[in-house]
Enquirer: 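Got a structure here, written out as structure tokens. Questions coming.
Because the structure is predicted, anything quoted here is derived from the model rather than measured. Heavy-atom basis, side chains included; hydrogens, waters and symmetry copies ignored.
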Amino acid sequence: MTAIVIIGAGQAGAALAAKLRSLGHDGLITMIGAEPAPPYQRPPLSKAYLLGEMELERLYLRAPSFWEDQSITLKLGAAVTSIDRTARTVRVDGETISYDHLALTTGSQPRRLPAAIGGALAGVYTVRTLADVDAMAPEFRAGRNLLVIGGGYIGLEAAAVGAKLGLNVTVVEMAPRILQRVASPETSDYFRKEHAAHGVKILENTGLDRLLGDGHVTGAKLSDGTEIAVDFAIVGVGITPATLLAEEAGLEIENGIRTDQFGRTSDPHVWAAGDCASFPHHGGRIRLESVGNAIDQAEIVAENILGRGQAYEAKPWFWSDQYEVKLQIAGLNTGYDRIVTRAAEEGAVSYWYYKGDTLLAVDAMNDAKSYMIGKRLIEMGRSPDPAAIADPATNMKALLK
């Protein structure tokens with residue numbers, strides 16, 4: 001009987017285990033998670049859950065009974081200490097578990113501030129796990145001073161929650177603009193205005209010199225010498241793939257755990273999917289940090305563990321909720337040289353990224369129609385005339401025919 005062990009009980013691990021069963025695999029499946037909670041959604045942590053608009057049970061990807069019903073063994077709150085690729089075993093809290101196939105869905109981990117500049121002070125948080133958000137939730141009380149370090153999506157989502165709950169929020173971003181690494185100036189401008197309208201103070205071209213405090217953060221000294229009062233701080237300066245186990249096991253690493261187009265690592269009995277895995281894409285190699293990728297890639301890996309031989313073709317999509325704005329993103333904007341703006345309906349706008357005549361990606365704010373059509377066009381390999389996109393009179397559905 002084929003035994004499959006999955007290390008990582010997040011979105012990718014859960015999708016992989018469920019897919020194996022749905023494809024008819026009747027062998028042993030063991031899923032090991034470092035957190036004590038059963039598999040849950042991470043995106044709502046910095047949005048609805050932190051706001052108190054989503055209960056814990058609604059975070060769960062499956063009802064707790066699902067795993068038992070599907071004969072999937074969950075080992076939660078468990079630490080995997082080593083992988084023996086020769087013996088095909090893993091060590092988990094002193095126990096040895098054998099595998100025929102091993103899947104690494106270890107995800108990613110947040111970058112933290114060095115202790116030398118106050119990163120280890122109490123009241124300094126990252127947003128990654130359920131425990132992270134549960135720990136910071138009591139800090140969100142009206143009138144308190146929140147410092148958000150980093151103007152990416154995680155930081156801005158946390159800032160939006162703070163503003164909605166009546167806190168005094170300051171965001172510091174060392175780059176010339178928020179979202180610089182991931183979005184166009186137009187998208188940055190849109191969200192800068194949105195946050196300003198809700199009273200958030202955004203300081204761009206401004207770094208953090210150090211956090212201040214004796215045991216607990218009480219302030220911050222910024223790169224321009226300014227000092228501000230801080231009751232608590234949230235660090236949103238990016239994430240890194242969780243590759244330590246793979247590295248220690250001698251697997252090939254290249255911006256994550258290196259896989260081929262089927263999700264197989266440098267060991268034919270070991271697979272990887274989700275945030276931790278890099279894979280071939282359009283002649284290069286990428287790693288995607290998104291729910292969509294975690295699910296789709298994990299399901300392809302499940303098929304390939306069972307011998308289906310399906311190459312993974314990424315269809316990137318992302319989203320962010322801030323205030324009453326729903327941002328939906330399709331495609332990857334890497335290498336764009338032109339932005340086309342579409343504002344066909346009041347309150348809705350979308351920015352279309354082109355490289356030459358080729359459509360690469362779409363950012364749609366409260367514009368689900370543009371998002372869905374843009375996503376389909378990108379997946380079909382079609383690039384409509386930019387003038388048609390910019391024209392509010394264009395029948396967008398006709399572009400799909």
Enquirer: Classify the side-chain pair S266/E252 by whether it contains a donor and acceptor separated by less than 3.5 Å.
Expert: no

Enquirer: I need the I29 CD1 to L20 CG distance, nearest 0.5 Å.
Expert: 4.5 Å

Enquirer: Does a donor on one side chain sit under 3.5 Å from an acceptor on the other, for S108 and E289?
Expert: no

Enquirer: Got a second to check how far D209's CG is from I117's CD1, nearest 0.5 Å?
Expert: 8.0 Å

Enquirer: With no hydrogens and no angle check, do the side chains of E139 and Y125 hold a donor and an acceptor under 3.5 Å apart?
Expert: yes

Enquirer: In Å and rounded to the nearest 0.5 Å, what is the NZ to CD1 distance from K193 to I202?
Expert: 12.5 Å

Enquirer: Between K47 and E53, is a salt bridge (Lys or Arg N to Asp or Glu O under 4.0 Å) present by the stated rule, with each step listed?
Expert: CA-CA 9 Å; K47 309 177 186 76; E53 297 174 352; over 6 Å; no

Enquirer: Kindly compute the distance separating CG (L360) from CG (D337), expressed to the nearest 0.5 Å.
Expert: 8.0 Å

Enquirer: More than 12 heavy atoms of other residues, nucleotides or ligands under 6.0 Å from CD of E57: is that the case?
Expert: yes

Enquirer: With a 6.0 Å cut-off on the ring centroids, do Y323 and H195 count as close?
Expert: yes

Enquirer: Is it the case that more than 12 heavy atoms not belonging to K355 sit under 6.0 Å from its NZ atom?
Expert: no

Enquirer: Testing the basics here: between A272 and T259, what is the closest heavy-atom pair and its distance to 0.1 Å?
Expert: CB-CG2, 3.8 Å

Enquirer: Please indicate whether R376 has more than 12 foreign heavy atoms, meaning atoms of other residues, nucleotides or ligands, lying under 6.0 Å from its CZ.
Expert: no

Enquirer: Indicate whether the side chain of D267 and that of T265 have a donor and an acceptor atom separated by less than 3.5 Å.
Expert: no

Enquirer: Under 3.5 Å, is there a donor-acceptor pair between the S188 and E186 side chains?
Expert: no

Enquirer: Say you draw a straight line from CD1 of I7 to CD1 of I32; how long is it, rounded to the nearest 0.5 Å?
Expert: 5.5 Å

Enquirer: Between R88 and H269, is any side-chain donor less than 3.5 angstrom from a side-chain acceptor?
Expert: yes

Enquirer: Just checking Y190 against Y351, ring centres under 6.0 Å apart?
Expert: no

Enquirer: Hey, does T30 have a side-chain heavy atom less than 4.5 Å from the side chain of L74?
Expert: no

Enquirer: Would a line drawn from the ring center of Y312 to the ring center of F279 be shorter than 6.0 Å?
Expert: yes

Enquirer: Could you check whether atom CD of E254 has more than 12 heavy atoms from other residues, nucleotides or ligands sitting under 6.0 Å from it?
Expert: yes

Enquirer: Going by atom types alone, do Y40 and Q11 pair a side-chain donor with an acceptor below 3.5 Å?
Expert: no

Enquirer: Under 3.5 Å, is there a donor-acceptor pair linking the side chains of T129 and R42?
Expert: no

Enquirer: Assess, by modelled atom type and distance only, whether the side chains of N255 and S278 contain a donor and an acceptor separated by less than 3.5 Å.
Expert: no

Enquirer: Find the distance between CZ (R210) and CD (E227) and round it off to the nearest 0.5 Å.
Expert: 10.5 Å

Enquirer: Step by step, would you call F140 with F232 a ring pair (Phe, Tyr, Trp, His ring centres under 6.0 Å)?
Expert: CA-CA 9 Å; F140 283 80; F232 70 108; 5.1 Å; yes

Enquirer: Start with the C-alpha distance between D275 and R128, add both sets of side-chain angles, then the distance that settles salt bridge (Lys or Arg N to Asp or Glu O under 4.0 Å), and finish with yes or no.
Expert: CA-CA 13 Å; D275 286 8; R128 187 62 185 168; 3.0 Å; yes

